[in-house]
Structures are given as structure tokens and as C-alpha cells.
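All remarks here apply to the structure that follows.
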Number of protein chains: 2
Amino acid sequence: MPRIRHTTLACSPGCTVEATLELFGGKWKALILYHLFEDGVLRFGELRRRLPNVTQRMLTNQLRELEADGLVSRTVFPEVPPHVEYALTELGKTLKPVIQALKKWGDRYAHSVQRNKAGDRD
Amino acid sequence: MPRIRHTTLACSPGCTVEATLELFGGKWKALILYHLFEDGVLRFGELRRRLPNVTQRMLTNQLRELEADGLVSRTVFPEVPPHVEYALTELGKTLKPVIQALKKWGDRYAHSVQRNKAGDRD
DNA sequence: GCCACTAGTGTCAGGAATGATACCATGCCT
DNA sequence: AGGCATGGTATCATTCCTGACACTAGTGGC
């Protein structure tokens with residue numbers, strides 16, 4: 001859950017930047033998308049294993065929101081035990097260059113971010 | 001203030017994606033960066049005018065964090081009334097392709113994000 | 001003397017985001 | 001009959017984010 005949804009994109013010229021960010025600004029969404037780009041299709045449990053620090057509830061939430069935004073598809077197989085598959089939609093796939101840009105920058109520069117602040121964690 | 005700072009980037013292969021996102025995942029940071037890309041150097045008040053919905057305190061906070069992360073420089077002119085200029089650092093400038101990717105995607109696809117969810121706002 | 005201007009800071013409060021934990025259904029295996 | 005597996009939900013508590021509002025300094029103008 002980012003914070004605010006502004007679907008009217010009239011606020012300012014850079015507003016679409018914000019709007020885009022809100023789609024995967026959720027705490028784990030970018031990671032989810034990233035793994036879906038890597039692996040294509042993933043079951044709930046597989047995603048969970050790839051994101052060890054996410055609680056089940058969080059993962060469900062984030063996936064539901066991605067689904068509601070049309071970025072991720074959710075396919076339920078009526079089996080027991082339950083079987084649900086998550087994959088990127090066509091729209092979701094268009095985010096690839098964005099995520100790649102993020103990753104590329106991170107791989108190159110993240111280490112050079114000097115955190116001078118107190119209250120540094122992790 | 002994103003949420004967690006993990007400076008050790010060992011969590012998962014997509015971790016740098018998250019790390020990058022945390023740099024400008026703050027509610028207004030992407031917008032601030034965007035405007036600095038557009039205009040080069042901006043005074044506090046100018047930024048404030050470009051981001052009408054941000055409170056002074058928020059703007060200060062976000063700028064301080066961007067500064068702490070080494071993305072934005074803050075230059076104080078010892079005058080009265082106060083005069084402070086904000087600009088991108090060299091590191092900050094390297095984020096340009098990332099912000100551009102966000103904007104490009106937003107301009108093209110943001111409108112096609114269908115929000116099926118209840119609780120839609122704005 | 002009083003007010004305005006700029007760039008803040010301090011405090012407080014409300015709400016949202018997140019986490020912990022427990023619980024559910026159902027079919028299979030033993 | 002009991003336990004396990006999967007993909008969830010429900011409830012509660014807490015922590016974090018954000019906004020509203022008031023306040024500051026120092027000089028110039030009326």
C-alpha cells in the first residue's frame with residue numbers, strides 16, 4: 001500500500017513519476033516484480049521462499065494490490081492442496097525496463113550511498 | 001523516510017532494486033528529484049511552489065534525507081533573509097535514467113492502470 | 001514599533017502501514 | 001485418527017509516516 005492514489009494525473013508535470021512509483025512503492029512490490037521477471041511464473045509458496053522476511057499477510061496484501069493494479073495475474077487451480085500461480089500481465093511486463101533501470105543503478109551505485117545519518121539500521 | 005535501511009545488500013539478488021527504491025521511495029522524493037532534473041538549481045521556496053501539497057516540514061525532511069544519502073547538495077548563503085539552494089550531486093545526477101524510465105512508463109501506461117479496488121481515492 | 005520575508009524547527013496527534021500470531025479448509029499419508 | 005501441506009484470513013498491537021500548527025531569527029520597509 002503506497003499511500004495515496006491519484007488517478008487523475010494532473011497534479012504536476014512530474015506527477016506520472018509519482019504515479020508509477022506508487023504502483024510498486026509498496027514495501028515488497030518491487031521485489032515481487034523482480035522475481036517474477038526472473039522466474040516467469042511463481043506459486044505463492046515459491047514467492048514466499050524468495051522473500052524470507054515477508055510475512056504471509058504482507059505477501060498476500062502486496063500481491064492483491066499488484067493484481068488490482070493489473071500488473072500481476074493470479075491463477076487458482078482448484079486442487080487440494082491449493083495451488084495458485086502468479087505471473088506478470090502484459091502491462092506488468094512493460095515495467096521491465098523500469099525495474100531494470102532500478103537494478104542497474106543499484107548494482108552500480110548503491111554501495112556508494114553514504115548514509116551520514118544517525119539512526120542507520122541493518 | 002522509506003522504511004528500512006539495509007546497507008548490507010546481501011539479502012537477495014533483487015536487493016539492490018529495493019535499496020535503490022528506498023532512496024527515493026519517500027513520498028515526495030521522486031518529485032523533488034524530478035524538479036531538480038528539470039530546473040537544475042532550486043531554492044527552498046521554489047521547490048515548495050512546485051510541490052504545492054507538501055508541507056514545509058515534509059519538504060525539509062525529504063530534502064535532508066536526500067542530502068544525507070548524498071543525492072542532493074544544500075548550499076546556504078549567509079544572507080538575510082535566508083537563501084538556500086538545492087541541486088543534484090554527481091551521484092544524484094546518475095539517477096537521471098532511472099527517473100526518466102519511471103516518467104516514460106508513467107506517461108505511457110499510468111492511465112491504463114485499472115484500479116478495480118474499492119477504496120480508490122483522488 | 002510593527003510587520004513581512006525566508007528557511008527553517010518543535011511538538012503533537014491521527015491514521016496508515018506493518019508485524020505477530022492464531023486460525024481455516026481439505027485431501028493425502030500413515 | 002493425527003499430522004502435514006498449501007494458500008490463505010482475522011484480529012490485534014505497534015511502529016512509522018504524515019500533516020497541522022505554532023514558533024524562531026535577522027534585516028528591511030512603512
Between D:dG28 (P) and B:E79 (CD): distance, integer Å
12 Å

Dot-bracket summary - DNA chain D, pairs being Watson-Crick or G-U whose distances fall under 3.5 Å, with | when paired to another strand
||||||||||||||||||||||||||||||

To the nearest Å, how far apart are A:M58 CE and C:dA17 P?
9 Å

Mark yes or no for whether B:H111, through its side chain, and B:R108, through its backbone, hold a donor-acceptor pair below 3.5 Å.
yes

OP1 or OP2 of D:dC16 less than 4.0 angstrom from a side-chain nitrogen or oxygen of A:K27, does that happen here?
no

Among residues at least two apart in sequence or on other chains, which ones pass ring pair (Phe, Tyr, Trp, His ring centres under 6.0 Å) with A:F44?
none

Could you pull out all residues at least two apart from A:K96 that satisfy salt bridge (charged side-chain N to carboxylate O under 4.0 Å, His left out)?
none

Letter by letter from the 5' end, nucleotides 1-11 of chain D scores (B base, S sugar-phosphate only, - none; protein heavy atoms under 4.0 Å) ----BBBBBBB

A:E22 CD to C:dA17 C1': how many Å, rounded?
14 Å

Min side-chain heavy-atom separation B:L21-A:L21 under 4.5 Å:
yes

Between A:W28 and C:dA17, is there a side-chain N or O to OP1/OP2 distance below 4.0 Å?
no

State, with a plain yes or no, whether a side-chain heavy atom of A:L88 is found less than 4.5 Å away from one of A:F37.
yes

Can you list everything that forms a side-chain hydrogen bond (donor to acceptor under 3.5 Å, both in side chains) with A:E90? Sequence neighbours excluded, please.
A:K93

Please report the distance, rounded to the nearest Å, between CG in A:L59 and P in C:dG19.
11 Å

Using atom CZ of B:F77 as one end and atom P of C:dA7 as the other, report the distance to the nearest whole Å.
11 Å

Whole-Å distance separating the CG atom of B:L47 from the C1' atom of C:dG8
14 Å

Determine yes or no for a side-chain-to-main-chain donor-acceptor pair under 3.5 angstrom, with B:T16 supplying the side chain and A:G106 the backbone.
no

B:Q62 CD to D:dT18 P: how many Å, rounded?
6 Å

Contacts of B:Q100 that satisfy side-chain hydrogen bond (donor to acceptor under 3.5 Å, both in side chains) - sequence neighbours left out:
none

Quickly, which of A:R43, A:E46, A:R74 forms a side chain to side chain donor-acceptor pair (under 3.5 Å) with A:Y86? Name it, please.
A:R74

